[in-house]
Amino acid sequence: MKRILLIMSVMLPILLSAQSNTPKKNKMSVEIMRPINLHQNDFERNLAHHNKEFHSGANAVDIYEVVTGDHMGEYNFVFRNPMSWAGIESTFNDAGKPGHAADWDMNIASHLSAPASLYLYEISEDSYMPPSPQGMQTELMGIYLIELVPGMEEDFFSGAKKISEMYKKSNSDNYYLLQTGVMGKGSQVVIVFPLAKGWESFEPNPNDDWSKMFKAAFPKEDFKAWSKKFNSTQKSFESMVVRHRKDLSSDM
């Protein structure tokens, strides 16, 4: 936590100065934690206590446990409410207060195999969201981590805009949150999507055929040509499933 607070104390004044006169609450803060082998029970117990003690209201957090893929065993510490840069600054000021920081360092950081890694994301307007926020709150959620080819960011987001448009025109219920990295290495995009039917959500559904959806939305355009160009914007792709740990999160 000390390392993260030091980084943020340097970066936040720069980021705040770049904020517009009407700041948007579209920033997400995520910390990645991996407990030491055999420390998981102590880590979870202390994390639940920490969140109950220090994370409520505007500072509420949700904890997600990674249950598939190379990152299995990690925990995502996610601030529940999107924030402006000023909101990000406020949460890190709170985290730096003596009692808060000491509890984290003594009872949580001591059970981690490495210091927690901080990632900040901005929610893209090309997200395809449900009418109610509850539509994104499922026990299991899927995550795609995509590294973009340098210089092809604009082409990727042009393709992403078409995806959101064809989903809207087909009244799809496959909602997703598209986020872009605003700090860190490379051009990373994160897509988070609810698994409303649990693992069954991965079963093939003919209504989700992109070629048919694309043709219905853009009858004069070539789906294969669009798909080839869109895929060429992606340098690497990784997927995982996470489980929402209500028992470790702030109260709803």
Side-chain angles (χ1 to χ4, degrees), residues 1 3-4 27-52 55 59-82 91 95 104 107-124 127 133 135-148 174-203 234-252:
M1 177 59 73
R3 180 175 68 94
I4 290 175
K27 312 298 186 298
M28 301 292 295
S29 173
V30 181
E31 290 183 48
I32 308 299
M33 306 175 291
R34 178 178 286 275
I36 299 169
N37 289 340
L38 304 181
H39 284 226
Q40 186 173 358
N41 289 340
D42 290 335
F43 165 78
E44 288 191 355
R45 181 178 63 254
N46 293 347
L47 181 61
H49 179 269
H50 176 88
N51 291 338
K52 184 176 181 179
H55 289 280
N59 289 335
V61 297
D62 286 302
I63 305 300
Y64 297 91
E65 181 182 3
V66 182
V67 295
T68 67
D70 294 340
H71 295 276
M72 186 166 61
E74 292 181 349
Y75 292 75
N76 296 349
F77 183 98
V78 183
F79 277 88
R80 181 174 295 163
N81 303 307
T91 62
W104 178 280
N107 298 315
I108 298 175
S110 62
H111 295 292
L112 300 180
S113 60
S117 299
L118 171 69
Y119 296 88
L120 295 177
Y121 297 100
E122 186 170 285
I123 299 172
S124 170
S127 300
M136 290 293 294
Q137 297 171 358
T138 55
E139 180 184 5
L140 291 180
M141 304 187 76
I143 298 179
Y144 294 148
L145 302 175
I146 303 173
E147 292 291 340
L148 303 183
N174 289 325
Y175 303 110
Y176 60 86
L177 180 68
L178 176 61
Q179 303 173 96
T180 58
V182 292
M183 284 184 65
K185 182 180 178 181
S187 300
Q188 187 184 69
V189 173
V190 178
I191 300 173
V192 182
F193 51 98
L195 299 174
K197 298 180 181 179
W199 295 104
E200 187 182 342
S201 301
F202 289 110
E203 295 292 343
Q234 301 166 41
K235 183 179 179 181
S236 65
F237 177 91
E238 186 176 358
S239 64
M240 67 182 75
V241 173
V242 299
R243 184 184 304 278
H244 185 206
R245 293 292 303 272
K246 291 183 179 180
D247 56 323
L248 307 181
S249 304
S250 302
D251 292 337
M252 299 297 290

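In this text the structure is predicted, and so the values were computed from the model without any measurement. For this chain, numbers begin at 1 and follow the sequence in order. Basis for what follows: all heavy atoms, side chains included, without hydrogens, waters or symmetry-related copies.
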| request: Report yes if some heavy atom in the side chain of Met136 is under 4.5 Å from a heavy atom in the side chain of Leu177; otherwise report no. | output: yes
| said: Under a 3.5 Å distance rule, please check whether Thr138 uses its side chain to pair with a backbone N or O of Pro194 as donor and acceptor. | reply: no
| query | Does Arg34 offer a backbone N or O that forms a donor-acceptor pair with the side chain of Ser113 under 3.5 Å? | reply | yes
| request: First locate atom CZ of Phe43, then atom OG of Ser110, and finally report the distance between them rounded to the nearest 0.5 Å. | output: 10.0 Å
| query | Passes side chain to side chain contact (heavy atoms under 4.5 Å, CB included), Gln179 versus Glu122? Steps please. | reply | CA-CA 5 Å; Gln179 303 173 96; Glu122 186 170 285; over 6 Å; no
| message | Tell me which pairs pass salt bridge (Lys or Arg N to Asp or Glu O under 4.0 Å) where either residue lies in residues 188-203, with sequence neighbours left out. | response | none
| task | May I ask you to decide if Phe79's main-chain N or O and Ser29's side chain share a donor-acceptor pair within less than 3.5 Å? | result | no
| request: Apply the test side chain to side chain contact (heavy atoms under 4.5 Å, CB included) to residues Leu148 and Lys235: give CA-CA distance (whole Å), side-chain angles for both, the deciding distance (0.1 Å), then the verdict. | output: CA-CA 5 Å; Leu148 303 183; Lys235 183 179 179 181; over 6 Å; no
| task | Step through the shown structure and confirm whether more than 12 heavy atoms of other residues, nucleotides or ligands are within 6.0 Å of CG on Asn41. | result | no
| Flag side-chain contact, heavy atom, 4.5 Å: Ile143 against Val190 | yes
| Roughly how far, to the nearest 0.5 Å, is the CD1 atom of Ile108 from the NE2 atom of His49? | 10.0 Å
| query | Under 4.5 Å between any side-chain heavy atoms of Met72 and Met240, yes or no? | reply | no
| Atom CD1 of Ile63 and atom CD of Glu31: how far apart are they, to the nearest 0.5 Å? | 9.0 Å
| query | So His50 and Phe77, would you call those rings parallel, tilted or perpendicular, with 30° and 60° as cut-offs? | reply | tilted
| said: For Leu248 versus Asn51, what's the shortest heavy-atom pair and its separation? | reply: O-ND2, 2.7 Å
| remark: Heavy atoms of Ala48 and Asp247 approach each other most closely as CB-O, 3.7 Å
| task | Before accepting this row, confirm whether a basic side-chain N of the pair Glu65/Arg245 lies closer than 4.0 Å to the acidic partner's carboxylate O. | result | yes
| Between Glu44 and Tyr75, does a side chain to side chain donor-acceptor pair (under 3.5 Å) hold up when you go through it step by step? | CA-CA 10 Å; Glu44 288 191 355; Tyr75 292 75; 2.6 Å; yes
| said: For His39, is the NE2 atom crowded, meaning more than 12 foreign heavy atoms sit under 6.0 Å from it? | reply: yes
| Do the side chains of Ile123 and Pro82 get nearer than 4.5 Å, heavy atoms only? | yes
| Tell me, do Met33 and Glu74 make a side-chain contact under 4.5 Å, heavy atoms counted? | no
| note | To the nearest 0.5 Å, atom CG of Asn81 lies from atom OG1 of Thr91 at 11.0 Å
| Are the side chain of Ser117 and the backbone N or O of Ile32 linked by a donor-acceptor pair below 3.5 Å? | no
| field | Minimum heavy-atom distance His55-Ser250, with the two atoms named | value | O-OG, 2.6 Å
| said: Once you measure the plane-to-plane angle for Tyr119 and Tyr121, does it fall in the parallel (<30°), tilted (30-60°) or perpendicular (>60°) bin? | reply: parallel
| task | Taking the side chain as every heavy atom from C-beta outward, state whether Val61 and Val78 have any pair of such atoms under 4.5 Å apart. | result | no
| So, does Ser127 use its side chain to make a donor-acceptor pair with the main chain of Leu178 at under 3.5 Å? | yes
| request: Give a yes or no on whether the backbone of Tyr64 and the side-chain of Asn76 come within a donor-acceptor separation of less than 3.5 Å. | output: no
| note | All heavy atoms of Gly198 vs all of Leu140, minimum pair found to be CA-CD1, 4.1 Å
| request: Output, in order, the C-alpha distance, side-chain angles, deciding distance and verdict of side chain to side chain contact (heavy atoms under 4.5 Å, CB included) for Leu145 and Ile191. | output: CA-CA 7 Å; Leu145 302 175; Ile191 300 173; over 6 Å; no
| field | Euclidean distance, Asn59 CG relative to Arg80 CZ, rounded to 0.5 Å | value | 11.5 Å
| message | When you compare the side chain of Tyr144 with that of Phe193, does any pair of heavy atoms fall below 4.5 Å? | response | yes
| said: Before you tell me yes or no, could you show the steps for His244 and Asp62 under side chain to side chain contact (heavy atoms under 4.5 Å, CB included), namely the whole-Å CA-CA distance, both residues' side-chain angles and the distance that decides it to 0.1 Å? | reply: CA-CA 7 Å; His244 185 206; Asp62 286 302; 2.9 Å; yes
